[in-house]
Amino acid sequence: MSTFVTLLVIGLSEGAILALAALGFVLIYKATGVINFAQGEFLLIGAYSFYTAFVVMQLPIVLALLVGVLVAVVVGVVVERFILRPMVGQSHISIIMVTIGLASVLSALVQMFYGTQPRSMPPILPRGSVSILGGTVPVNRLWAIVICAVVLGLLTWFFQKSRHGVAMRAVADDQQAAMTVGISVRRVFAMSWALAAISALIAGVTLADITTVEMNIVNFGLLVFPVVIMGGLDSVPGTIVGGLTIGLVTQFVSGYMDPGLAEIVPYLVLVLVLLVRPYGVFGEKRIERV
Amino acid sequence: MAAVETGRHHTSYRSELRLWHTRPQIVRMAVLAVIVIILPFILDDYWLALANTALIAAIGAIGLNILVGYTGQISLGQGGFLAVGAFTSAILTDRLGMPAPVSIIGAVMLTAAIGVIVGLPALRLKGLYLAIATLASQMVILFIVRRWEFLTEGQGFLDVARLEVFGFRLDRANFEQQWYMILLVLAILAALTATNLFRTGVGRSFMAVRDQDIAASAMGVNLTRAKLTAFAVSNGYVGLAGALMAHYTEILSWEKFTLDVSILYLAMIIVGGMGSVAGAVYGAVFITLLPVLVREVADVVGGAVPIIRDQLPAVEHGVFGLTIIVFLIFEPRGLNRIWERIKDWFGYWPFRY
Amino acid sequence: MPPGQPLLRVSDLTLKFGGVTALADVDMSVESGTIHAIIGPNGAGKSSLLNCMSGLYRPTSGSVALRYVADDVGRGRRDQPAASPEADIDSLDIRERALTSLPPHRVARLGVARSFQNIELFDHLTVLENMMLGRHIHMKQNVLTSMLWFGPARRQEIAHREIVEEVVDLLKLQAYRQKPVGTLAYGIQKRVELGRALALQPSLLLLDEPMAGMNAEEKEDMARYILDVHELAGVSIVLIEHDMNVVMDISNRVTVLDFGKVIGDGTPQEVMDNPRVIEAYLGAGAAS
Amino acid sequence: GGGGAASADSDEPIPIGVIADLSGATGDVGTPYNEGMLAYVEQLNADGGINGREIDAMSNDYAYEVPQAEELYRRYLSDEAVAIQGWGTGDTEALRTRVANDELPFMSGSFSEELTDVEESPYNFLVAATYSDQMRAALNWIAEESGGEAGVAALHHDSPFGTSPVGDGEAWIDEQGLDIDFTSHAMPAGTTNFAGILSQVDSAGAEYIIIQNVASPAAQLARDLKAQGGDQTIVCLNWCGNELFATGAGDAAEGHVMVQPIAPITTERPGHEAILAYADENGMDPADIQVSFVQGWYAMHIMAEGIRHTLDAGEDLTGPAIRESLETMGPIDTGGVIGEGTVEFSADSHRGSTTTGLYEVKDGELAVIEEAVSP
Amino acid sequence: MTAAPEAAPGAGPPAAAPSLLSINNIEVIYDEVILVLRGLSLEVPKGQIVALLGSNGAGKSTTLKAASGLLPSEQGEVTSGSISFAGEDITKMDAPERVKRGLSLCMEGRHVFPHLTVSDNLLAGGYTKAKEAGETLDFVYEFFPKLADMRARTAGFLSGGEQQMLAIGRALMSQPTLLMLDEPSLGLAPLLVEEIFATIAKLNADTGLTVLVIEQNARTALSVAHHGYIMEQGRIMLEDEADALADNPDVKEFYLGVGGDAGKRSYRDVKHYRRRKRWL
Ligand SMILES: Nc1ncnc2c1ncn2[C@@H]1O[C@H](COP(=O)(O)OP(=O)(O)OP(=O)(O)O)[C@@H](O)[C@H]1O
Ligand SMILES: Nc1ncnc2c1ncn2[C@@H]1O[C@H](COP(=O)(O)OP(=O)(O)OP(=O)(O)O)[C@@H](O)[C@H]1O
Ligand SMILES: [Mg+2]
Ligand SMILES: [Mg+2]
């Protein structure tokens, strides 16, 4: 029982961070149709820029977060403007590859400036453990859940309710048509990349606080794919459910079965899901009519 | 599509269907043949080893291009498939004592079969869904290779005996030269057979699936069969590349078949030109030589900009990414297209159009 | 199949997409040797009906059955037009097959070819390659001989290429042979699509709005091609078209759909005079 | 021979290829190791080199990727290196047949017991106790410490490096009849928490966790262990038993134990003096000198001694000659840094030493528990 | 009715209405080499319906794209000449800005947002006038009751004609003063074509909405238009009052075609392809 509680909370917190990272991916995909393989690197950039502001430049935490947001927005907008805009209308594979190239460049940049040694950061979230139902649970994990839930809630609201949400979805469907109804495609693109980068920043910093600031964050980012595919690529609730599922399943498998197996369990789950539902659990079938 | 050179008329379908028609084409092929044949006598072992690596990569890239470039099925599973080919051939020769050619054929067939198994879900999956499903296959295959102690007898790696073909054992002194010859022949065969495939109905049905699968099925193309065949054929080449890798490098461990390798191969076909056999070859050579080039440049400018030398792997990594981006933005059809342009330019010289 | 014989029977066909009923108990039959038009307002279910006929949609209930001459199928039969009028019906081995349970490629193998409402060509392939794909069902697909090229693969390519060239001549596409179709003008693409379907040497040709988006001149050309194909190759044609002038002029029989139901069926003139059709589709203006 | 670098009477620098991991999975310890080697070379060259000849250490990062290591190896071969300093187990094993073919003496950071077989790996030399010996020492200590009965979980890097001592450990328990309940798990790479593996350790009833991995994941594990209120004792082998572990885990490192054949700088052995002098000259803080740095320094020292012996004997500087020197020159003094203090090879054993030290983390420092233990 | 509130209500086109849109001698080039429009000029007087006719590839759609600012998204560019709307030079303005000023285009080939519902499509259409979107929505549903029935359906699954209606409805959502329609009858049933043109005429009559419409279906288009232009190969070849154009023998021959009214030839009687070279 006690193990169960520990694993449950840790799994939920991982899942929540994962969902947040994945939501950035979904945001980009929904609005621009771009499959961003560099989402993991966005987490990395987020974590390192915050680290630089907070630890290296010794800024107060709020200011450091603002610096992080600024960097995230700039990176997001620059990437959109100079790398993805010229790619409009290219095939899936080309877009996937250009973001893979981007991922290489971003991680190479981080590596060039910071090396690969993990860096430690003074704790942001409260440390220590509490006992819940007999399980020892790190307090920062609980905080991670809360933070991610709040940010996820805000983003979801924005996407579903605000008029920018509809604009984003319209742009995703048909950019030319969106222009004819007066939606500035550029602004929508820039906005979705910036939002994705910001959500990655929050996910990255939370993750870095729980672990360390290190290149490994990228590997965590790879898990975004099983999550979004399970969720159906463009469904916000699907992404949240997908994130929590992957977080929990991984944790339970590594706790009760084989920790090594946990590495590939997200992918096994994914394959199972796809066999039953080729468009993910929450995804709608692509419209294909002749 | 290159502009059709003018003044070329055919009197029979047979002549039109030939691969090389014009004088310049034939001359070009002859020059290329001469260069390729004298290469092993002028390069030292270091460069020959690079050439050999590139030739193996070319075979693998041709295979990947069949699936991705021609059939439109995105695959991130190349690394895993190479591993299947490599370990199969190594185990068949070393443990079952099969002659290398037989075990290589065995590896080709098994990799093709695994391709079909992985291809099965592909029947229902499209685009990114398929890409991620193949990513899953990469992860799972690699996990198996890593954990299945039978493969490496618990050592984590597998030694492969020196290649012996029909009683002829490669010797140490001429190791690279001899391999070069073997690989050259195989790479040419791979390129020719792949080219032929796309001159005929089977290959056309692959391309039809890529361009418009619904119309293809309405034209009588069995989508299931076409996709699975594409997976099998593509993986056949990949299996061959994997097997050759095993015999050439003489040691195998899972670390040679990671996701990075899958990405490397995708980069080859992107840089070379998707949906083009020649492109796959150009891409393989280019991507194999890229890190070497970066290093040479780093040696030269490293004094002035020390970060380039000190952070070489990061720089290599970054340059690799940048190459992909630059190609996709400025010449999405890759080196093959650039080469065609050059040919056209000379073909029409002195006229500009 | 000799003319005047029942060729295709649609019975009680119902097709639902979630809550939407695209087709409701549709009954109709197509006779061989005719041009059979299907008309109806937008969203009436015309394309859906065609999609059911070619196996692309699986109907919720009901069936589409095709009758065919056993020998005709699966063999290059360019010397004998599919509908040789002289043939004696009793001497032919005529079979019937339910298309609704078949995947599209199996339907194609039975000699049913089609074009699409929004051109669905293989964009990166040349005109010739597109048409060669029309020959797909008549060709043997062997990976190994294909890789070898010399021998059976090349012989087969040349043999089928000859048939394709005939279609190219018929549709006057000579100038575009080696062009990737994606770069061609809309009207030409429509023609290539027709050609690709013809290359299959179908006994039944399904055309979904072949003249949509064409100007008067191109429409005339296209109508001429369709008539030629019909007369020269003896193919039976099912045609969806909105231009009533075209329908009146070239079709032998018309079925009218509205909200997925058949509301009229008969000769063009009968249909034109049918008040339900006028009300639902033609409007008062056209009736005059 | 003429003026080639290999010739005995040449005065050209002696090329040695270094395959280093600075940025890969083991870069945290690979970087100081490489720095230690290069520092030694710098020091040696400043002191006039070996008989007046400098060492040209060509060092390149291979990011812990085997294919990259192979590429580097080929380059060094074509640059006529007379010996190679490698790094990881995977690449050392991947290269061993080539090394044997090309007759190049090869040392590395890998102490995998697989490599000590002179038949299979005639040109590989191991300068300190093998991972398996370290594992044996760890098990012996645990048996003693727990008063006989104990549960041990061996957590290892998921690679040849990681698995290398696991089987030998199990065999050792059988052989010695130790009352130890032994389980093993691979530590997933790139994971963000070890909660799962720790609960496995818990449910297996283990009181000790032996880690065969590098420092960063081990530190992460120690932190998770603390956060989840586990009371197991961690025993780190060679590559995580270092200062990085202590600093990385912070107060979560307290009380954990390390099996380390190389004496940390805080133990102030005679062999450390040269290193401290170098640090002093180069403005390095002695507190920053990690045990991996010391290890790199002495790995290079041993190679240099072999070369010196060859040159002293007036022989050409060829692989076989250096190998023979190393095998026949007798004990090489390391000033008490490695094992018992000396390293010695012979024609039928390339296992330079079998002894290691045991340390404990106390107030963030490595405190000696026991010295020169031999299994 | 909220569309075009500033237009004079109910007024028929005044004799010399001021130009709302005027295109002056523009040249358009695609991909930096393909010259499509070669000095084209066109006036759309306020409150009128203007029809633009021409054969395939003449450059009709290109003209509308130039007017609506869509060319950059297709690697096209206006290289000379100018376009002004309501007296303002808009040659360099981007597309969304033009929509805000009341210039709305309904593209060729429908271009609805396939994954959005019908109502979301319409709401996206009202993006620039979000505050009044509710009202406008009611207005559109009134005009196209069928859309109201389908408001919750996903647009991509609609039939071609349904999508066309949706596209026009969406264009109205931005409350345009000038509505440009590119082949609105493409693939539509005769009844619907009639309906759509009746709607266009009604919009024009009721609200004074100015319309520029491209049509292949020349007869129908000329029947509702006040004025017509005929273009070939990137230039205007002929321009006149709509009635006069419909009576022009050349127009009859080449644009009104065979079949149809007044006992023309049947399609079956056309025996030759390429009866003629281009009409130039
Ligand atoms: N793949 C599909 N998924 C969901 N609904 C569909 C699909 N295909 C067609 N429909 C629905 O079925 C109905 C009939 O559509 P269909 O395309 O057959 O009409 P149509 O008669 O061809 O119209 P048009 O003349 O406009 O092409 C429409 O309401 C359409 O929305
Ligand atoms: N994006 C583009 N890039 C290059 N050329 C183009 C592009 N769009 C149109 N063209 C070319 O410009 C010419 C005019 O095209 P446009 O679409 O304006 O014609 P149109 O009069 O609308 O014809 P249709 O009646 O077929 O719609 C054609 O020759 C076409 O090939
Ligand atoms: Mg239709
Ligand atoms: Mg147009």
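The structure displayed is predicted, hence computed values, not measured ones. Letters go in sequence order (proteins before strands), and every chain restarts at 1.
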Below 4.5 Å from any heavy atom of chain A, which atoms of A171(E) appear? Answer side chain, backbone, both or neither.
neither
I'd like to verify something: which residue of L105(E), L116(E), T128(E) has the highest number of heavy-atom pairs under 4.5 Å with chain A?
L116(E)
Can you check whether anything in residues 182-197 of chain A gets within less than 4.5 Å of chain E, heavy-atom wise, and list it by number?
G182(A), I183(A), S184(A)
Enter the distance from [X]:[atom1] to [Y]:[atom2] here, rounded to the nearest 0.5 Å.
X       : Y       : atom1 : atom2 : result
Q176(A) : E74(E)  : CD    : CD    : 4.5 Å
F113(E) : Q175(A) : CZ    : CD    : 10.5 Å
T180(A) : R98(E)  : OG1   : CZ    : 13.0 Å

Test item: M179(A) and L70(E) side chains (from C-beta on) under 4.5 Å apart, heavy atoms:
yes
side-chain hydrogen bond (donor to acceptor under 3.5 Å, both in side chains): pairs with one or both residues in residues 67-86 of chain A, sequence neighbours excluded:
E80(A)-R85(A)
Once salt bridge (charged side-chain N to carboxylate O under 4.0 Å, His left out) is applied, what residue pairs with a partner in residues 161-183 of chain E remain, sequence neighbours excluded?
K146(E)-E162(E)
Salt bridge (charged side-chain N to carboxylate O under 4.0 Å, His left out) pairs, two or more places apart, involving residues 169-178 of chain A
R169(A)-D120(E)
